[in-house]
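Note that these values count all heavy atoms, side chains included, but never hydrogens, waters or copies made by symmetry. Residues: numbered from 1 along the sequence shown.
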Amino acid sequence: MIEISKDVFEKLRDKHDVAPIEVTQCFANGAGVYLIDTGEDHRTDPPTHGFISVTNRNRILKVCFVRRGADIQVKTAFEPGSDKHLSLYRELAGLPACWPQEE
């Protein structure tokens with residue numbers, strides 16, 4: 001189950017203009033490659049995972065989450081700041097340079 005706390009919901013809405021349905025769509029539309037965030041400021045126990053995907057309207061979002069058993073707790077979701085983030089994700093995830101293809 002994908003869980004979004006009240007605080008995260010408000011951050012998604014107010015800071016990033018991201019709706020919970022868009023986060024769900026990213027999980028459904030993604031390549032299924034979740035990278036562990038190794039940044040010093042983002043190390044958590046259990047580890048924070050992140051991925052980039054598209055919504056059903058082809059909006060590109062980066063989603064960060066923590067797994068707790070079978071549940072996924074969303075920490076944040078936002079539009080990547082630059083093409084550099086998308087290129088790095090493609091490289092680390094082993095995805096082709098054309099991913100995600102726009103329709």
Do [X] and [Y] belong to the same hydrophobic cluster, where Ile, Leu, Val, Met, Phe, Trp and Tyr are linked whenever their side-chain heavy atoms lie under 4.5 Å apart, directly or via other members?
{"X": "Trp99", "Y": "Leu88", "result": "yes"}
{"X": "Phe9", "Y": "Ile2", "result": "yes"}
{"X": "Met1", "Y": "Ile72", "result": "no"}

Counting heavy atoms not belonging to Asp14, are there more than 12 under 6.0 Å from its CG?
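Count over threshold, so yes.
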For Leu61, does its backbone N or O pair with a side-chain atom of Glu79 as donor and acceptor, under 3.5 Å?
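Side chain of Glu79 to backbone of Leu61, a donor-acceptor pair under 3.5 Å: no, none is there.
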Side chain of Glu22, backbone of Ala19: donor and acceptor closer than 3.5 Å?
yes
Atom [atom1] in [X], atom [atom2] in [Y]: separation rounded to 0.5 Å?
{"X": "Leu86", "Y": "Ile60", "atom1": "CG", "atom2": "CD1", "result": "5.0 Å"}
{"X": "Lys15", "Y": "Thr76", "atom1": "NZ", "atom2": "OG1", "result": "7.0 Å"}
{"X": "Phe78", "Y": "Lys11", "atom1": "CZ", "atom2": "NZ", "result": "8.5 Å"}
{"X": "Lys62", "Y": "Cys64", "atom1": "NZ", "atom2": "SG", "result": "4.5 Å"}
{"X": "Lys75", "Y": "Thr48", "atom1": "NZ", "atom2": "OG1", "result": "3.0 Å"}
{"X": "Gln73", "Y": "Arg67", "atom1": "CD", "atom2": "CZ", "result": "13.0 Å"}

Considering only heavy atoms from C-beta outward, does the side chain of [X] approach that of [Y] to under 4.5 Å?
{"X": "Phe27", "Y": "Val63", "answer": "yes"}
{"X": "Val8", "Y": "Lys6", "answer": "no"}
{"X": "Val18", "Y": "Arg59", "answer": "yes"}
{"X": "Asp37", "Y": "Pro47", "answer": "no"}

Minimum-distance pair of heavy atoms, taken over all atoms of [X] and [Y]:
{"X": "Leu95", "Y": "Tyr89", "result": "CD1-CE2, 3.6 Å"}
{"X": "Asn29", "Y": "Val54", "result": "ND2-O, 3.0 Å"}
{"X": "Cys26", "Y": "Ser53", "result": "O-OG, 2.9 Å"}
{"X": "Arg90", "Y": "Pro100", "result": "NH2-CD, 4.1 Å"}

In terms of ring plane angle, is the pair Phe51 and Phe65 parallel, tilted or perpendicular, where the classes change at 30° and 60°?
perpendicular
Centroid-centroid distance, Tyr34 to His49, less than 6.0 Å
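Between His49 and Tyr34, which both carry aromatic rings, the centre distance is not below 6.0 Å.
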